[in-house]
Amino acid sequence: MEIQLDTLTTPFSLRHTLSCGQVFRWEKRGDWWWGVVQGEAVKVRQARGKLRFQASSERVDANFIAEYFRLGDDLPRILSRINKDEHIGEAIRAFRGLRIVRQDPWECLISYMCATHANIPAVRNMIFNLSRRFGRKITLDGHALYTFPKPTDLAGANLRGLRRCKLGFRAERILQTSKMIADEMFDLEALRGADYEDAKSRLMSLPGVGQKVADCVLLFSLDVLEAFPVDIWMKRIILKLYLGHFEQSFVEKISGKGSIARKDYEKISSFGRGYFGEYAGYAQEYLFHYGRSQLKGEV
DNA sequence: ACATCCCCTTAGCC
DNA sequence: AGGCTAAGGGGAT
């Protein structure tokens, strides 16, 4: 099946969207990107203005794909809203068509808990290990893929099994959080449409979920496009491109290496939301990808 | 209440 | 090649 895209009204770049670091489960093999979405194996490619896809089930139709890639977002309008200066302007020029993916909240939550103090290749490995060990095997065109485990699958696991997935110190946190979700002590879907601060603090009541993970879950899975996650890369980008928006003493304070203190996180994140506005999350993602591609080697 | 320090597993990276 | 770091969180001081 395929979706016809108009470059002007519906700009979309599959490559930028899947390689910018927001999703961990896609892999490029030849001309196609292979992934697993909502328990279905999917392969996608983009060529000559068309988005073509095949999947393990009929329920993966054009609407399913459009929902996942947020093709309904008015990207030209969003980009014009966040295009506040030359730096973000350059990021937009470089990666126009990058869209926030609408991930499953549960999978997104565990994925970004895995991303705690880990680099992207390591996170990909953890998620692949979890899926192979606790997920379900599905095939598409003879290729084997594994669905992401359900909350009950991980809640029923033991620490040793999780540690074999290379989760390290994250294993205990992920087990506890999985139990809370599986036992319906915590309802992720209930956060959809909730007030930003409220939804964030409720997420942070989960073990292993701090400000950063909460912001990522809100942005990447619960449609809170104002969320502005701050990781070590965003700190670098702020120091390089936006230091003029902060006091000298603050710039010096966060210039040292290491993770970001709780209050410093809040200062940077609220700057992002205030400066870029209601679509700050999109600005964050363009800057994140741009920063990683430009600043690599400078670090 | 607030800030700072330190530890947490593992593997990718230089 | 081995030390440092990684889409951070939590607990102690």
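Just so it is clear, the values below take in all heavy atoms, side chains as well, and ignore hydrogens, waters and symmetry mates.
A/Glu172 comes within contact range of no nucleotide atom at all, as no heavy-atom separation falls under 4.0 Å. Residue A/Gly21 is in base contact, counting any heavy-atom pair closer than 4.0 Å across all strands shown. No engagement by A/Tyr265 is indicated, since no non-hydrogen atom pair under 4.0 Å with the nucleic acid exists. Counting any heavy atom pair closer than 4.0 Å across all strands shown, A/Leu206 reaches sugar-phosphate atoms only and no base atom. Contact annotation for A/Gln22: base contact, defined as any heavy-atom pair under 4.0 Å involving a base atom. Counting any heavy atom pair closer than 4.0 Å across all strands shown, A/Val123 reaches no nucleic acid atom. Residue A/Val213 is in sugar-phosphate contact alone, with no base atom involved, counting any heavy-atom pair closer than 4.0 Å across all strands shown.
The nearest whole Å value for the distance from the CZ atom in A/Arg160 to the C1' atom in B/dT9 is 17 Å. Counting to the nearest Å, the P atom of C/dA7 and the CD atom of A/Gln103 are 16 Å from each other. Protein atom CE of A/Met234 is 16 Å distant from nucleotide atom C1' of C/dG8, rounded to whole Å. Rounded to an integer number of Å, the gap from A/Arg164 CZ to B/dA11 C1' is 19 Å. Atom CZ of A/Phe24 is separated from atom P of C/dA7 by 9 Å (rounded to the nearest Å). Across the protein-nucleic acid pair, A/Phe128 atom CZ and B/dA11 atom P stand 15 Å apart, rounded to whole Å. Atoms CD1 (A/Ile260) and P (C/dT5) sit 14 Å apart, rounded to a whole Å. Rounded to an integer number of Å, the gap from CZ of A/Arg124 to C1' of C/dA7 is 14 Å.
The residue among A/Pro207 and A/Cys216 whose nearest nucleotide of DNA chain C is located toward the 5' end is A/Cys216. Between A/Pro121 and A/Leu167, it is A/Leu167 whose nearest contact on DNA chain B lies nearer the 5' terminus.
Between the side chain of A/Thr116 and the base of C/dG8, no donor-acceptor pair of N or O atoms lies under 3.5 Å.
The side chain of A/Asn125 places an N or O atom within less than 4.0 Å of a non-bridging phosphate oxygen (OP1 or OP2) of B/dG12. Within the structure, every side-chain polar atom (N or O) of A/Lys235 is placed at least 4.0 Å from both OP1 and OP2 of C/dA7.
The listed nucleotides are B/dT9, C/dA12, B/dA11; the one nearest the side chain of A/Lys166 is B/dA11. Comparing C/dA7, C/dG9, B/dT9 by their closest approach to the side chain of A/Tyr112 singles out C/dA7. Closest approach to the A/Arg170 side chain among C/dG9, C/dA7, B/dT9 is made by B/dT9 (side chain taken as heavy atoms from C-beta onward). Nearest nucleotide to the side chain of A/Phe169, out of B/dT10, B/dC8, C/dA7: B/dC8. Distance from the side chain of A/Arg262 is smallest for C/dA12 among the nucleotides C/dA12, C/dA7, B/dG12. With C/dG8, B/dC2, B/dT4 as the choices, the nucleotide that has an atom nearest any side-chain atom of A/Lys263 turns out to be B/dC2.
Rounded to a whole angstrom, the distance from the P atom of B/dC6 to that of C/dC4 is 15 Å. The separation of C/dA1 from B/dT10, taken at their P atoms, amounts to 23 Å, rounded to a whole angstrom. Comparing C/dG9 with B/dG12, their P atoms are spaced 22 Å from each other, to the whole Å. Taking atom C1' in both C/dT5 and B/dT9, one finds a spacing of 13 Å when rounded to whole Å.
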message: Apply ring-ring contact (aromatic ring centres under 6.0 Å, His included) to residues A/Phe95 and A/Phe288 and explain how you reach the verdict.
response: CA-CA 11 Å; A/Phe95 300 120; A/Phe288 177 80; over 10 Å; no
field: Residue pair A/Tyr275, A/Phe271: steps toward the ring-ring contact (aromatic ring centres under 6.0 Å, His included) verdict
entry: CA-CA 6 Å; A/Tyr275 182 70; A/Phe271 157 74; 5.2 Å; yes
- request: List the steps and the verdict of side chain to side chain contact (heavy atoms under 4.5 Å, CB included) for A/Lys166 and A/Asn125.
  value: CA-CA 8 Å; A/Lys166 309 301 181 186; A/Asn125 264 324; over 6 Å; no
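Between A/Phe186 and A/Leu203, the closest side-chain pair of non-hydrogen atoms falls below 4.5 Å.
Residue-nucleotide stacking is not present for A/Trp233 and C/dA7, judged by a side-chain ring centre under 5.5 Å from the six-membered base ring centre and planes under 30° apart.
The only option from A/Glu172, A/Arg173, A/Met126 that meets the side-chain contact (heavy atoms from CB on, under 4.5 Å) definition with A/Leu167 turns out to be A/Met126.
Both distances falling under 3.5 Å, in either a Watson-Crick or a G-U wobble arrangement, occur for no nucleotide opposite C/dA7.
Using the six-membered ring where Trp is involved, A/Phe69 and A/Trp26 have ring planes that are tilted, between 30° and 60° apart.
Of the possible donor and acceptor atoms, one in the side chain of A/Arg170 sits under 3.5 Å from a partner among the backbone N and O of A/His117.
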